[in-house]
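For ligands, and for the atoms within them, numbers begin at 1 and follow the listed sequence. On a predicted model such as this, the values are computed, not experimentally measured, just so you know.
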Amino acid sequence: ATIVAIDGPVASGKSSLARKVAKRLGFAHIDTGAMYRCVTFEAMRRQIPLTDADTLTTLAHSLDIRYIDSHDGEQNRVLLNGEDVSEIIRTPEVSRNTSPVADVPTVRHELVRLQRQLALRGRCVLDGRDIGTVVVPEAHWKFYVVASLDERVQRRLLQYQSEGHAVDVEKLRADIIERDRRDRARTHGALRLAPNATILDTTDISLEEAVEMVAALVEQAL
Ligand code: CDP
């Protein structure tokens with residue numbers, strides 16, 4: 001299977017990069033963060049306590065999560081049991097609640113199983129935190145995307161503003177720092193650099209330049 005794994009901290013640009021690289025190569029894009037967000041959103045809607053690991057795990061097992069390619073280069077659509085939840089899973093509130101849900105090892109186990117199944121169909125780009133380390137350690141291409149904290153805060157601020165969310169920049173910065181801390185600290189599937197991953201610092205380069213670098217490497221080898 002031809003698999004490109006892209007990991008990195010909060011708002012480092014991995015999802016946009018993964019989407020555009022996938023489009024350019026004609027590969028599928030599997031946004032694994034969206035899966036954790038779907039479980040969290042559905043748990044919030046059903047008022048399941050985010051500390052109830054058993055019920056969260058059953059929920060993760062039962063959900064039907066699908067991706068629909070947008071074809072216009074915009075954000076792909078995410079369908080949760082047939083319902084388009086693409087926007088609602090990206091609100092600041094769902095983002096904040098996703099960290100504790102993603103900490104639950106049995107929830108991760110369920111989602112990783114699904115992610116591996118999709119990945120092994122081949123010709124795909126996956127983005128997340130543990131793709132190159134846990135989900136598909138055998139991936140041929142692994143990238144670890146980073147950007148300075150200021151740059152990441154700025155990018156997420158613009159994203160929220162364009163979606164009409166009112167955000168306090170200091171609160172946003174604190175949220176990003178806290179999610180990064182949790183992502184690095186968890187016992188299963190923590191964010192860390194895979195030994196053979198290429199670090200891509202996107203602080204001072206455009207999204208298009210990053211896409212070009214990653215896609216060119218893969219294209220050369222294909
Ligand atoms: O775009 P952003 O970096 O804000 O988040 P995301 O990639 O959509 O992921 C949302 C949350 O899901 C993160 O805060 C992680 O805690 C969790 N996640 C994870 O634990 N493992 C993954 N493979 C992907 C996301």
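- Of all protein heavy atoms, the one closest to atom 20 (O) of ligand 1 is Arg108 NH1, 2.7 Å.
- Looking at ligand 1, you won't find any N or O of Thr98 less than 3.5 Å from one of its N or O atoms.
- Remark: ligand 1 and Arg90 share no N or O pair separated by less than 3.5 Å (distance only, no angle test).
- Remark: ligand 1 atoms within the under-4.0 Å shell around heavy atoms of Arg156 are 1 (O), 2 (P), 4 (O).
- Close approach to Tyr36 involves these atoms of ligand 1, each under 4.0 Å from a residue heavy atom: 12 (O), 18 (N), 19 (C), 21 (N), 22 (C), 23 (N), 24 (C), 25 (C).
- Leu114 CG to Asp64 CG: the interatomic distance, rounded to the nearest 0.5 Å, is 9.0 Å.
- Regarding atom 24 (C) of ligand 1, its nearest protein heavy-atom neighbour is Thr32 OG1, 3.4 Å.
- Using a 4.0 angstrom heavy-atom cutoff, Gln115 does not count as in contact with ligand 1.
- Listed by atom number, the atoms of ligand 1 under 4.0 Å from Gly33 heavy atoms are 6 (P), 7 (O), 8 (O), 9 (O), 24 (C), 25 (C).
- In terms of polar-atom proximity, defined here as any N/O pair under 3.5 Å, Asp183 does make such a contact with ligand 1.
- Looking at Arg186 against ligand 1, only its side chain comes within 4.0 Å, counting heavy atoms.
- When atom types are taken as modelled, the side chain of Asp127 and the backbone of Ile6 share no donor-acceptor pair closer than 3.5 angstrom.
- Leu25 and Met213 fall within the same hydrophobic cluster, where Ile, Leu, Val, Met, Phe, Trp and Tyr residues are linked whenever their side-chain heavy atoms come under 4.5 Å apart, directly or through other members.
- Polar contact with ligand 1: absent for Asp127 (N/O pair, distance under 3.5 Å).
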Fill in: Audit row: Ser95, Arg37, side-chain hydrogen bond (donor to acceptor under 3.5 Å, both in side chains) steps and yes/no
CA-CA 7 Å; Ser95 297; Arg37 290 172 179 275; 2.9 Å; yes
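- Of the options Lys14, Arg155, Glu151, Glu209, a side chain to side chain donor-acceptor pair (under 3.5 Å) to Thr202 is made by Arg155 and by none of the others.
- For Arg192, the CZ atom is loosely surrounded, since the number of other residues' heavy atoms within 6.0 Å does not exceed 12.
- Here is the list of ligand 1 atoms found below 4.0 Å of a heavy atom in Arg179: 4 (O), 5 (O), 10 (C), 11 (C), 13 (C), 14 (O).
- Taking every non-hydrogen atom of Lys14 and a distance limit under 4.0 Å, the qualifying atoms of ligand 1 come out as 2 (P), 3 (O), 7 (O).
- The shell of residues lying under 4.0 angstrom from ligand 1, judged by heavy atoms, includes Ala11.
- Other residues, nucleotides and ligands contribute more than 12 heavy atoms inside 6.0 Å of the CD atom of Glu178.
- Follow the hydrophobic side-chain contacts under 4.5 Å out from Trp141 and you never reach Val135; the two are in separate clusters.
- Polar contact check, Arg129 against ligand 1: a nitrogen or oxygen pair lies under 3.5 Å apart.
- Residue contact check: Ala102 has heavy atoms under 4.0 Å from atoms 16 (O), 17 (C), 20 (O) of ligand 1.
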Practice prompt. Give the intermediate values and the outcome of side-chain hydrogen bond (donor to acceptor under 3.5 Å, both in side chains) for residues Ser148 and Asp150.
Written response: CA-CA 5 Å; Ser148 71; Asp150 281 346; 5.6 Å; no
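- In this structure, Arg45 CZ and Ile88 CD1 are separated by 7.5 Å, a value rounded to the nearest 0.5 Å.
- With Arg184 contributing its side chain and Ala190 its backbone, the two residues share no donor-acceptor pair below 3.5 Å.
- In terms of protein heavy-atom proximity, atom 8 (O) of ligand 1 is closest to Arg37 NE, 2.7 Å.
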